[in-house]
Amino acid sequence: MIRRTLVKKALNAKEPEDEIRIEGWVRTRRDAKAFSFVEINDGTSLANLQIIIDATLSDYETEIVKVTTGAAIRVHGKLTLSQGKNQGWEVIATAFEVIGQADASYPLQKKGHSLEFLREIAHLRPRSNLFGCVFRVRSRLAHAVHQFFQGRDFIYIHTPIITASDCEGAGEMFKVTTIDPAKPPLKDGQVDYGKDFFEKPSYLTVSGQLAAEVFACSMSNVYTFGPTFRAENSNTTRHASEFWMIEPEMAFCDLQEDMDVAETFVKYLIDDILKHCAADMTFFSKFVDKGLKDRLQWVLDRPFERVSYAEAIDILLQSGQTFEYPVDYGLNLQSEHERYLTEKHFKCPVTVYNYPKTIKPFYMRANDDGKTVAAMDVLVPGIGEIVGGSQREERLEVLEKHLEHHELSKEDYGWYLDLRRFGSVPHSGFGMGFERMLMFVTGVSNIRDVIPFARTPGNAEF
RNA sequence: UCCAGAGUAGCUCAAUGGUAGAGCAAUCGGCUGUUAACCGAUCGGUUGUUGGUUCAAGUCCAACCUCUGGAGCCA
């Protein structure tokens with residue numbers, strides 16, 4: 001049998017082919033008197049390939065009725081220029097075969113479905129136009145992440161998914177245990193985790209940062225890119241219980257450079273997707289978010305605004321806007337404040353830096369003013385915070401004080417403090433939510449629609 | 001977790017407290033190098049669940065379930 005040609009390849013052909021083999025899933029069939037039009041898609045491209053199946057082919061009468069939307073078929077034929085208007089190439093079948101039938105209960109129709117309905121059939125939604133586009137772009141975006149860092153001599157570190165320290169300091173964690181909840185081993189009336197698999201309480205990671213710092217402090221520039229988990233009961237369009245995060249960590253790097261890298265990174269990803277996923281991006285621009293391409297281009301064409309937290313508060317206080325939550329020095333920026341800054345005031349991504357130390361975690365580097373830390377957040381229109389980072393505290397005594405203030409034990413962080421004892425250097429890094437970036441790039445407004453099988457509170461189907 | 005909204009045919013949606021309807025899909029037929037094809041017919045319902053008010057409930061009330069949006073937590 002001749003080799004399979006992917007639909008994407010066939011559609012991009014330079015010249016006709018006398019013999020070609022195509023396999024994929026039927027999107028639609030239209031019957032004429034003497035032949036049928038069948039549109040086939042194999043996921044490699046948004047566009048379908050049109051197949052002409054002549055009624056004189058053997059088994060036409062018995063087999064063509066099985067060629068329904070959703071069925072898998074194999075076609076042998078000639079790749080030729082189409083007589084029709086909407087496609088360049090089409091295949092005149094010389095033989096066709098139904099590989100897998102789809103009966104009338106196949107839920108995907110030729111017409112549009114609601115995103116809510118498609119979420120209920122997450123196992124079939126990648127066969128729709130929208131989700132085909134989403135997951136092709138997701139794949140390319142992951143590739144671009146690696147390309148960005150690998151091209152800059154960053155080393156990819158696989159930080160652990162199971163961690164034994166509950167002190168990563170970023171919210172509720174999922175416990176990992178082999179203890180039978182019906183009859184747990186007890187010690188003084190409490191569950192005895194000393195008898196658990198890891199002989200101590202262990203969890204799914206909420207961040208690879210602390211481990212990445214270890215490697216930055218020996219291999220200079222590193223990054224992690226992997227799944228992270230939050231057991232928060234968050235029910236929003238921007239939160240999932242399992243999501244992917246990218247966390248670069250750079251030795252001999254201060255906050256300024258950290259912000260520079262973050263901005264360059266965001267722009268690199270946008271540029272890569274616009275260049276390599278043109279058809280998919282056109283689809284998003286047309287059906288998901290009309291202003292998408294213009295907005296992304298706008299982001300590419302100019303520097304991000306940079307304001308200190310104090311300046312941001314001034315802007316908000318002088319905005320004349322009424323906010324639901326109070327604006328004041330020392331208070332956290334709420335969603336509505338971030339949105340105002342990036343969507344109304346600057347109308348472009350904004351990097352806010354030097355936050356009050358009281359609202360930030362212990363590992364961020366204290367500034368000389370005694371009040372703020374060298375933290376930064378990149379805020380983008382429509383999503384809010386897409387990058388959060390900081391310069392890390394490299395001074396042992398200061399870090400120990402921070403631990404005390406946050407009521408964390410020095411023993412738990414012994415290995416982390418060691419980094420400050422032996423050849424400590426200024427270093428910085430940030431985290432980017434992969435799905436949030438994907439939402440920003442595609443215009444898809446719900447995180448559940450950019451993850452193959454989303455995990456959210458009360459929902460782990462599939 | 002809090003606030004708001006929504007659950008009616010496989011899908012998307014109608015229906016003043018008074019006989020549950022349309023488009024699409026499916027099925028059958030017709031027409032056509034068609035392309036979200038077109039034309040005709042057929043099929044399709046315990047109106048999320050339970051209880052209540054009423055002569056009468058898809059519609060009003062209560063509780064619960066599910067989904068959606070917003071908020072908080074955060075990436």
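Naming convention: chains lettered A, B, ... in sequence-line order (proteins, then strands); numbering from 1 in each chain. Heavy-atom basis, side chains included; hydrogens, waters and symmetry copies ignored.
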Listed range with range, the stems formed with RNA chain B by at least 3 consecutive Watson-Crick or G-U pairs (under 3.5 Å) are B:1-7 with B:65-71, B:10-13 with B:21-24, B:26-30 with B:38-42, B:48-52 with B:60-64
Check your understanding: Got a donor-acceptor pair under 3.5 Å from the side chain of A/H239 to the base of B/C74?
Key -> yes
Note: for A/I447 and A/Q83 on RNA chain B, the residue whose nearest nucleotide lies more 5' is A/Q83
- Phosphate OP1/OP2 of B/G72: any A/Q334 side-chain N/O under 4.0 Å: yes
Minimal heavy-atom distance between A/D260 and A/T264, with the atoms involved, is O-OG1, 2.7 Å
Closest to the side chain of A/H113, out of B/A26, B/C11, B/U34, is B/C11
For a quick test of reading the model: is some side-chain N or O of A/R119 closer than 4.0 Å to OP1 or OP2 of B/U68? yes
Can a donor-acceptor pair under 3.5 Å be found between the side-chain atoms of A/E90 and the base atoms of B/G33? yes
Taking the six-membered ring for Trp, is the centroid-to-centroid distance between A/Y223 and A/Y156 below 6.0 Å?
-> yes
Has the side chain of A/N235 got a donor or acceptor atom sitting under 3.5 Å from an opposite partner on the base of B/U1?
yes
Open item on the list: Please tell me if A/R230 has a side-chain N or O lying less than 4.0 Å from either OP1 or OP2 of B/C74.
Closed with: no
Which of B/G33, B/C74, B/A71 is nearest the side chain of A/N332? It is B/C74
Among B/C31, B/C11, B/C73, the one nearest any side-chain atom of A/K33 is B/C31
Of the candidates B/U35, B/A71, B/G33, the side chain of A/S335 sits closest to B/A71
### Task
Report yes if a side-chain nitrogen or oxygen of A/N233 is closer than 4.0 Å to either non-bridging phosphate oxygen (OP1 or OP2) of B/G72; otherwise report no.
no
Polar atom pairs (N or O), protein with nucleotides 38-48 of chain B, under 3.5 Å:
none

Notebook entry, point to check: Taking atom P in both B/U12 and B/C31, what distance in whole Å separates the two?
Noted result: 35 Å
Which of B/G33, B/U12, B/A71 is nearest the side chain of A/F37? It is B/G33
Quiz prompt | Ring centers of A/H337, A/F323 separated by less than 6.0 Å | solution = yes
(Q) Using a 4.0 Å heavy-atom cut-off, does A/E385 contact any base of the nucleic acid, only the sugar-phosphate backbone, or nothing at all? (A) sugar-phosphate
Check: Can a side chain N or O of A/R448 be found less than 4.0 Å away from OP1 or OP2 on B/G69?
Finding: yes
OP1 or OP2 of B/A36 less than 4.0 angstrom from a side-chain nitrogen or oxygen of A/T28, does that happen here? no
* Asked: With a non-hydrogen cut-off below 4.0 angstrom, is A/A32 in contact with a base, only sugar-phosphate, or nothing?
  -> base
### Below 4.0 Å: OP1/OP2 of B/U35 and any side-chain N or O of A/R27
no
note: A/I121, atom CD1; B/C67, atom P; distance rounded to Å ~ 16 Å
Out of B/U34, B/U12, B/C73, minimum distance to the side chain of A/S114 belongs to B/U12
The single option from A/D280, A/T442, A/L292 that satisfies side-chain contact (heavy atoms from CB on, under 4.5 Å) with A/S285 is A/L292
*asked:* Once hydrogens and angles are ignored, does a donor-acceptor distance under 3.5 Å link the base of B/U34 to the side chain of A/Q87?
replied: yes
Winner on side-chain proximity to A/E232, out of B/C24, B/C73, B/U34, is B/C73
Taking 4.0 Å as the cut-off, does a side-chain nitrogen or oxygen of A/S234 come that near to OP1 or OP2 on B/C73? no
#### Entry: N/O (side chain, A/R238) to phosphate O (OP1/OP2, B/A71) under 4.0 Å
yes
_Determine whether the aromatic ring centres of residues A/F149 and A/F265 are separated by less than 6.0 angstrom._
yes
Which of A/L403, A/V373, A/L399 passes side-chain contact (heavy atoms from CB on, under 4.5 Å) with A/E393? Answer is A/L399
Practice prompt. Would you indicate whether A/K9, at its atom NZ, is surrounded by more than 12 heavy atoms from other residues, nucleotides or ligands within a distance under 6.0 Å?
Written response: no
Under 4.0 Å, counting only non-hydrogen atoms across every strand here, what does A/I52 touch: a base, just sugar-phosphate, or nothing?
base
- How about A/Y416 and A/Y363: are their ring centroids closer than 6.0 Å? no
Any side-chain N or O of A/T237 less than 4.0 Å from the OP1 or OP2 oxygen of B/G70? yes
